[in-house]
Q: 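Before anything else, here's the structure in question.
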Amino acid sequence: MKLRYLFRWMVVQGTPRLVLKTYARRGDTIARMMSDTQVIDDPIPLLEHVRAQGPVARSPFGWATVDHELCRTILRDNTFRVSAAVGFVPPRLRPLIELAPLPPNPVQPPSMLVIDPPEHTRMRKPVTSAFTPRAIRRLNDRVESVTLELLDALPDNGSADLVRDFAAQVPIAIISEMLGFPDEDRMRFLEWGDLVSPMLDIGISWRTTREASKAIDELDRYLDTHIARLRREPGEDILSNLVTAGELDDEELKASATLLMGAGFETTVNLISNGIVQLVNHPEQRALLREDPTLWPNAIEEILRYDAPVQRTGRISGRDLELGGVSIPRGGTVVTLLAGANRDPKVFEDPHRFDVTRANAKDHLTFSTGIHTCLGASLARMEGTHALRALFERFPDLQLAEPNPPRRPLFTLHGFSRLPVRLGQRAEQTSGV
């Protein structure tokens, strides 16, 4: 087993890791962005260097763009196929990956994240019922009650780590209920999520890959047992519905479950933690929200734009074409740098200003667009609105305990590993969201 995963790492991660580090030492902007942990805190200067190179820039593995219009076009055009980390493997080496498959997970087929129609359409259709506007509205009261329970547990005028104690707890409680997982297993999912999420990056170390692979194996065994139990005793959750419908086989069920865990958790925990930091660092914007709470939904869009929880995604060209004046061959990889597109001055006036009243904040591309738009986007927005509004209403004097809390050492997902704060005096009120 270990040799199989080592072989996979050498093909999927080891080779790109070597290439990235080589180009980064030569000063390549995009290689630095994907491999230099020193830029994780603030990737914007490097994204602006990419913008200065024109609409499409050459990268070590193909091409990259921060142009909002081009990113939107690429993400909506089915000429471009989806790409996971394997998209950055030279085409002649990609068949080798099939010799070392992983159990079902979000970063390889049959996960919806990395498959195209018609398979993508078939797998997405039965899942979308859990994320319709009506379904999200039904979750509203539960999200609010979970949020207030967590706030009640925080110490009055004390300290807390708001990633561990709040931002992570809201979405994991909701997605666990949606998938029929027992409450006592939530911490296991948090641990598995932390270990597996680096697999969305390029060029991760063997140690990180080994830990992620072990977590994927453990989650696979857990889901085997869980799905078997739901077949015997189905509940009212989305996974029970998928199991009893019989439209997906076990591998597809597990791939869908792991993707839903990611869609329902990773984006939201980063949205909430990023939002806390931005609102603390911009007290004048916090004051606007206090004066006019109807601004909260737009504030969530501005947080998603300004400090994107998801920084990039990739596509593979299905034919020879021209993009932004650059020729892209069939099979060429294009990286859409979403965080850069969200700062495009052609779309967003004064793009480096954080403004909760920004009229077109919702034009960001953080949730992607087209057929691969994030399944959990509406849920993340709703949870983020409840969580952040209730937090700052309950603790209006909240401050960071550290001026620069540590970011997660990831390049695709962008959030904080810890968020120590001084809560301040509790205001005994509840959110009216």
Side-chain angles (χ1 to χ4, degrees), residues 1-13 82 84-86 96-115 119-120 122-124 126-127 130 171-172 175-201 204 206-235 237-266 375-376 410 412-413:
M1 183 71 72
K2 182 177 178 179
L3 287 176
R4 174 163 66 89
Y5 286 153
L6 178 60
F7 173 78
R8 182 185 176 87
W9 172 81
M10 290 173 63
V11 177
V12 177
Q13 300 287 357
V82 288
V86 297
L96 297 176
I97 298 168
E98 298 178 7
L99 301 176
L102 290 171
N105 67 86
V107 299
Q108 73 171 36
S111 167
M112 285 179 280
L113 190 65
V114 289
I115 58 175
E119 291 82 3
H120 174 269
R122 180 180 64 83
M123 288 196 60
R124 187 174 175 113
V127 176
I172 200 64
I175 199 61
S176 292
E177 291 182 14
M178 292 177 70
L179 293 174
F181 297 142
D183 291 349
E184 59 267 22
D185 289 339
R186 289 178 190 172
M187 292 310 297
R188 297 173 69 184
F189 300 134
L190 290 176
E191 293 170 4
W192 284 331
D194 283 342
L195 292 170
V196 174
S197 54
M199 297 289 276
L200 291 167
D201 280 350
I204 62 177
W206 163 236
R207 178 179 178 180
T208 300
T209 301
R210 184 180 62 210
E211 292 174 348
S213 300
K214 180 181 178 183
I216 289 172
D217 283 335
E218 291 175 355
L219 179 55
D220 184 61
R221 291 191 293 272
Y222 179 94
L223 288 173
D224 278 335
T225 302
H226 184 59
I227 289 170
R229 181 177 65 80
L230 294 182
R231 280 205 170 90
R232 296 190 306 271
E233 304 171 5
D237 55 276
I238 179 60
L239 192 53
S240 288
N241 293 340
L242 292 174
V243 168
T244 56
E247 297 179 44
L248 305 178
D249 64 29
D250 277 10
E251 297 297 287
E252 292 168 339
L253 285 169
K254 290 187 288 186
S256 296
T258 57
L259 181 60
L260 288 171
M261 289 169 66
F265 172 69
E266 288 292 350
L375 269 171
L410 307 174
T412 300
L413 300 175

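Counting begins at 1 with the first residue of the sequence.
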Q: I need the minimum non-hydrogen distance between V114 and V82, along with the two atoms involved.
A: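 So the two residues come closest at C-CG2, 3.3 Å.
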Q: Which residues pass the salt bridge (Lys or Arg N to Asp or Glu O under 4.0 Å) test with R207, sequence neighbours left out?
A: E211
Q: Please report the closest heavy-atom contact between S176 and R186, naming both atoms and the distance.
A: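 It is OG-CG, 3.7 Å.
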Q: Sequence neighbours excluded, which residues qualify as side-chain contact (heavy atoms from CB on, under 4.5 Å) partners of R231?
A: I227, V243, D250, L253
Q: So, using salt bridge (Lys or Arg N to Asp or Glu O under 4.0 Å) as the criterion, who are the partners of E247 when residues are at least two apart?
A: none
Q: The criterion is salt bridge (Lys or Arg N to Asp or Glu O under 4.0 Å); which residues satisfy it with D237, sequence neighbours excluded?
A: none
Q: Could you tell me if the side chain of V127 sits less than 4.5 Å from the side chain of L260, heavy atoms only?
A: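 Result yes, sub-4.5 Å side-chain heavy-atom pair found.
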Q: Among residues at least two apart in sequence or on other chains, which ones pass side-chain hydrogen bond (donor to acceptor under 3.5 Å, both in side chains) with T244?
A: none
Q: Going from OG1 on T225 to CG on D220, what distance comes out if it is rounded to the nearest 0.5 angstrom?
A: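 That separation rounds to 9.5 Å.
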Q: For a quick test of reading the model, state the closest non-hydrogen atom pair linking S197 to L410 and the distance between them.
A: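 Closest approach of S197 to L410, heavy atoms only: OG-CD1, 3.8 Å.
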Q: Distance from T208 atom OG1 to D201 atom CG, nearest 0.5 Å?
A: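 If I round to the nearest 0.5 Å, the distance is 9.5 Å.
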Q: Where do I238 and P126 come nearest, in terms of heavy atoms and distance?
A: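 Residues I238 and P126, closest heavy atoms: CD1-O, 4.1 Å.
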Q: First locate atom NE2 of H226, then atom CZ of F181, and finally report the distance between them rounded to the nearest 0.5 Å.
A: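 Here the rounded value is 4.5 Å.
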Q: Listed by chain and number, what are the side-chain contact (heavy atoms from CB on, under 4.5 Å) partners of A212, not counting sequence neighbours?
A: M199
Q: D249: which residues meet the side-chain hydrogen bond (donor to acceptor under 3.5 Å, both in side chains) condition with it, sequence neighbours left out?
A: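 Residues passing side-chain hydrogen bond (donor to acceptor under 3.5 Å, both in side chains) with D249: none at all.
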Q: Can you say whether the rings of Y222 and F189 are parallel (under 30°), tilted (30 to 60°) or perpendicular (over 60°)?
A: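 Answer is perpendicular, since the angle exceeds 60°.
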Q: Mind listing the closest non-hydrogen atom pair of I204 and W9 along with its distance?
A: O-NE1, 2.8 Å
Q: For E251, what residues pass the salt bridge (Lys or Arg N to Asp or Glu O under 4.0 Å) criterion, not counting sequence neighbours?
A: K254
Q: Just to verify, what does I175 make a side-chain contact (heavy atoms from CB on, under 4.5 Å) with, not counting sequence neighbours?
A: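 Once residues adjacent in sequence are excluded, the partners of I175 under the side-chain contact (heavy atoms from CB on, under 4.5 Å) criterion are I172, M178, L179.
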Q: Once side-chain contact (heavy atoms from CB on, under 4.5 Å) is applied, do any residues pair with M123, and if so which ones, sequence neighbours excluded?
A: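 Counting only residues at least two positions away or on another chain, M123 forms a side-chain contact (heavy atoms from CB on, under 4.5 Å) with P110, M112, I115, L248, E252, S256.
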Q: Let me confirm one number: the OG1-CD distance from T209 to Q13, rounded to the nearest 0.5 Å.
A: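 Nearest 0.5 Å value for the OG1-CD distance: 5.0 Å.
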Q: Restricting to side-chain hydrogen bond (donor to acceptor under 3.5 Å, both in side chains), what partner residues turn up for R188, sequence neighbours left out?
A: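 Per chain and number, R188 pairs via side-chain hydrogen bond (donor to acceptor under 3.5 Å, both in side chains) with no residue.
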Q: Please enumerate all residues that pass side-chain hydrogen bond (donor to acceptor under 3.5 Å, both in side chains) together with R221, with sequence neighbours excluded.
A: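 Once residues adjacent in sequence are excluded, R221 has no partner under the side-chain hydrogen bond (donor to acceptor under 3.5 Å, both in side chains) criterion.
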Q: Would you give the length of the straight line joining atom CZ of R210 to atom CG of L195, rounded to the nearest 0.5 angstrom?
A: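 Between R210 CZ and L195 CG, I get 12.0 Å after rounding to 0.5 Å.
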